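Please read the structure below before turning to the comments.
Owing to the predicted nature of the structure, the values given are computational and were not obtained by experimental measurement. Reckoned from all heavy atoms, side chains included, excluding hydrogens, waters and symmetry mates.
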Protein chains: 2
Amino acid sequence: MSFDTVKIRARVVPVTDRYHHGDLRRALIDAAVEAVGETGPSALSLRAVAKRAGVSHAAPAHHFGDKAGLLTAVAAEGFDRFADALDAAWDATGDFKAVGAAYVRFAIDNRAHFEIMFRPELIHEDDPDLHRAEARSRAALHRGAGAVEPEADYNPAALAAWSFVHGFAGLLIAGNFPQSVVDDPEAAFAAVGRYLRIGED
Amino acid sequence: MSFDTVKIRARVVPVTDRYHHGDLRRALIDAAVEAVGETGPSALSLRAVAKRAGVSHAAPAHHFGDKAGLLTAVAAEGFDRFADALDAAWDATGDFKAVGAAYVRFAIDNRAHFEIMFRPELIHEDDPDLHRAEARSRAALHRGAGAVEPEADYNPAALAAWSFVHGFAGLLIAGNFPQSVVDDPEAAFAAVGRYLRIGED
DNA sequence: GCAGCTGTCTTGACAGTGTCAAGTTTTTCC
DNA sequence: GGAAAAACTTGACACTGTCAAGACAGCTGC
């Protein structure tokens, strides 16, 4: 096997790990996210994910151990992107409401990730990578909401803010809100957010 | 059929439908709730539910059509009890916060029902019985939260209150809150609820 | 009081599922 | 260039939801 072949491969799939498929791990996560987006997390089939990625039905197990392992990887990726989004919103505005809006926006734009992230029975909660990513999100959220109030072991203001935005996002993507809210979530969130007593007076 | 027969039957099995098993429909719903409480909604197996109720594996299909049908019945029952709980809280106190506390309490005490009620991909959303029960809950919730603000097509105050309590309940039962909150949810909800600007000034 | 019928449930079968053990192929390492 | 490791495939297993067909009980009409 010549060095050229490797080089060509590396140029074709410019990702961290490389092997036969190129980056099957990546491809499987993407396929899983796609499938969850279409049919929801409960109806997800490992074999369908494998077929979507063009590999045999047992290939996912090699990378993720089992179904929950694959979903754990999706959740970890979700928490990482989530932390990025929240941090970006805070850095850009320094405003709690903007972080809340980013929270809701993330849930809408990354619905598949979001649905898995907060469904503990589907994933391996003890996964170290998941923990790391989750901690990042928690920190980002705390920075946005907790900055208003002094830090504490458990911060009621942060919990209030979290409950509020999480409930709004969850009810929204589950289809519990009227069409006008779905059509313009940002405006609705701004209107509804006025009833939260945080970051003012 | 004579009127007397009905009366006697009604005393033995005081439920809507009756047949061989006594009330298999009821038993299957109970078994499903039990199973969901133990393993979560995703791992629920129709055959396991049937075994738990002591009937053949295909018996549930006769009463509920399919798996989603069984879960729909659970959700409908959940929404009915939910409406009862919220109405009772409002009638007893006339206080929005008490309705919120009842919301959280219901989620904790009826975790299996609650988890299914807000997971649309698991149930038949077009089921008329579900719709009826859901409307009852919506009305009860609106009575508790919407009473504060004037009625409208879409009431921001009601949506805010709903988002807040729903998020709190959801994050709590998903294990995202610190132990102190889990140990005394009522106290935590009262503390956190102060950050919601509803029903005051 | 009995034939027929409707509703309740069982049996058996089917394709599809997750997981595991064993094999095959490719890459890496020295 | 050969050995070892990694990446995947193949085949099997028990289990799942769903469907068609049949068995059984209870009620209806006479």
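- Salt bridge present: B:Arg119 and A:Glu121 bring a charged side-chain N and a carboxylate O closer than 4.0 Å.
- When the P atom of D:dT18 is taken as reference, atom CG of B:Leu71 falls 10 Å away, rounded to whole Å.
- If you take CG of A:Leu24 and P of D:dC8, they are 5 Å apart, rounded to a whole angstrom.
- If you take NZ of B:Lys67 and P of D:dC15, they are 16 Å apart, rounded to a whole angstrom.
- Note: CZ (A:Phe64) to P (C:dG18) measures 14 Å, nearest angstrom.
- Using cut-offs of 30° and 60° on the angle between ring planes, the pair B:Phe82 and B:Phe118 is perpendicular.
- Atom-to-atom, NE2 of A:His63 to P of D:dA7 comes out at 6 Å; the value is rounded to the nearest Å.
- In this structure, A:Arg25 atom CZ and D:dC8 atom P are separated by 12 Å, rounded to whole Å.
- For DNA chain C, the neighbouring residues in residues 46-58 of chain B, judged by any heavy atom under 4.0 Å, are B:Arg47, B:Val55, B:Ser56, B:His57, B:Ala58.
- Listed pair B:Ser45 / D:dG17 meets the phosphate criterion, a side-chain N or O lying under 4.0 Å from OP1 or OP2.
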Enumerate, atom names and distances included, each donor-acceptor pair closer than 3.5 Å involving a side-chain atom of residues 166-175 of chain B, sequence neighbours excluded.
residue: B:His166; atom: ND1; partner: B:Tyr103; partner atom: OH; Å: 2.8

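- Contact annotation for B:Leu44: backbone-only contact, meaning every heavy-atom pair under 4.0 Å involves sugar-phosphate atoms and none involves a base.
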Which atom pairs, donor and acceptor, lie under 3.5 Å between side-chain atoms of residues 67-81 of chain B and protein residues at least two apart or in another chain?
residue: B:Lys67; atom: NZ; partner: B:Leu44; partner atom: O; Å: 2.7
residue: B:Thr72; atom: OG1; partner: B:Ala68; partner atom: O; Å: 2.6
residue: B:Thr72; atom: OG1; partner: B:His124; partner atom: N; Å: 2.8
residue: B:Glu77; atom: OE1; partner: B:Arg81; partner atom: NH2; Å: 3.3
residue: B:Glu77; atom: OE1; partner: B:His113; partner atom: NE2; Å: 2.8
residue: B:Glu77; atom: OE2; partner: B:Arg26; partner atom: NH1; Å: 2.8
residue: B:Glu77; atom: OE2; partner: B:Arg26; partner atom: NH2; Å: 2.6
residue: B:Asp80; atom: OD1; partner: B:Arg132; partner atom: NH1; Å: 3.3
residue: B:Asp80; atom: OD1; partner: B:Arg136; partner atom: NH1; Å: 2.9
residue: B:Asp80; atom: OD2; partner: B:Arg132; partner atom: NH2; Å: 3.0

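- The stretch residues 38-58 of chain B participates, sequence neighbours left out, in these salt bridge (Lys or Arg N to Asp or Glu O under 4.0 Å) pairs: B:Glu34-B:Arg52, B:Glu38-B:Arg52.
- Taking 4.5 Å as the limit, some side-chain heavy atom of A:Phe189 sits within range of a side-chain heavy atom of A:Phe164.
- The interatomic distance linking B:His62 (NE2) with C:dG7 (P) rounds to 8 Å, in whole Å.
- Rounding to the nearest 0.5 Å gives a distance of 6.0 Å between CZ of B:Phe177 and CH2 of A:Trp162.
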| task | Go through A:Asp91 and A:Arg143 one step at a time and tell me if the salt bridge (Lys or Arg N to Asp or Glu O under 4.0 Å) criterion holds. | result | CA-CA 10 Å; A:Asp91 290 340; A:Arg143 197 155 72 108; 3.0 Å; yes

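- Non-hydrogen atoms lying under 4.0 Å from DNA chain D are contributed by nothing in residues 31-41 of chain B.
- Contacts classified as ring pair (Phe, Tyr, Trp, His ring centres under 6.0 Å) and involving residues 25-49 of chain A (residues at least two apart or in different chains) are not found.
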